[in-house]
Amino acid sequence: MSSKFDFKSYHVRAINAANDEEKKAINQELKDFYAGLSEEEKPAFNQELQHFLLTEMGRLGSDYQAIKNNIPQN
């Protein structure tokens, strides 16, 4: 799926945010961006955001399992 929206940039910025206030500001920026979309664009945004989140969660789950499997068990 080719994304029209750059969710990764918001995600990376939030991960690297210095504090909760900065994270909240980034989240608000994304909400404001959504509010500025036309009603025709909002369904595509929601679908692409859901796809991005599912992909990221799947990747994080895979990374977690790989790390967990490499930790020696006592």
Side-chain angles (χ1 to χ4, degrees):
M1 168 186 272
S2 176
S3 181
K4 178 178 171 183
F5 306 102
D6 187 11
F7 299 112
K8 188 169 186 169
S9 69
Y10 289 98
H11 180 64
V12 170
R13 287 174 50 215
I15 288 171
N16 294 311
N19 53 45
D20 285 341
E21 288 302 313
E22 189 176 345
K23 286 181 185 181
K24 287 178 186 177
I26 293 165
N27 190 39
Q28 187 60 52
E29 185 181 330
L30 186 58
K31 287 178 180 181
D32 292 345
F33 178 79
Y34 179 80
L37 294 175
S38 70
E39 290 305 313
E40 293 78 27
E41 292 173 306
K42 287 180 179 180
F45 178 96
N46 290 331
Q47 183 178 15
E48 288 185 27
L49 178 58
Q50 186 175 44
H51 181 264
F52 175 79
L53 293 173
L54 289 171
T55 301
E56 283 300 304
M57 292 304 293
R59 186 188 59 76
L60 289 173
S62 295
D63 290 352
Y64 172 78
Q65 281 302 320
I67 292 167
K68 184 178 172 185
N69 291 337
N70 286 318
I71 296 174
Q73 301 298 316
N74 292 335

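Since we're looking at a predicted model, the values are computed, not measured.
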Closest non-hydrogen contact found for K4 with E48 is N-OE1, 2.7 Å
At what distance, to the nearest 0.5 angstrom, does CD of Q50 lie from OG1 of T55?
10.5 Å
Does one hydrophobic cluster hold both Y10 and V12, with members joined at side-chain heavy-atom distances below 4.5 Å?
no
Taking the side chain as C-beta and beyond, is there a heavy-atom pair between R13 and E29 under 4.5 Å?
yes
As an exercise, state the distance from CD1 of I26 to NZ of K31, rounded to the nearest 0.5 Å.
13.0 Å
Can you tell me how far the CG atom of N16 sits from the NE2 atom of H11, to the nearest 0.5 Å?
9.5 Å
Between CZ of F52 and CZ of F5, what distance do you get to the nearest 0.5 Å?
14.0 Å
Ring centre gap for F45 and F7 strictly below 6.0 Å
yes
Does K8, at its NZ atom, have more than 12 non-hydrogen atoms belonging to other residues, nucleotides or ligands within less than 6.0 Å?
no
Looking at K23 and A17, what are the two nearest heavy atoms and their distance?
CG-CB, 3.5 Å
How would you list, by chain and number, every residue that makes a side-chain hydrogen bond (donor to acceptor under 3.5 Å, both in side chains) with Q28, sequence neighbours excluded?
D32
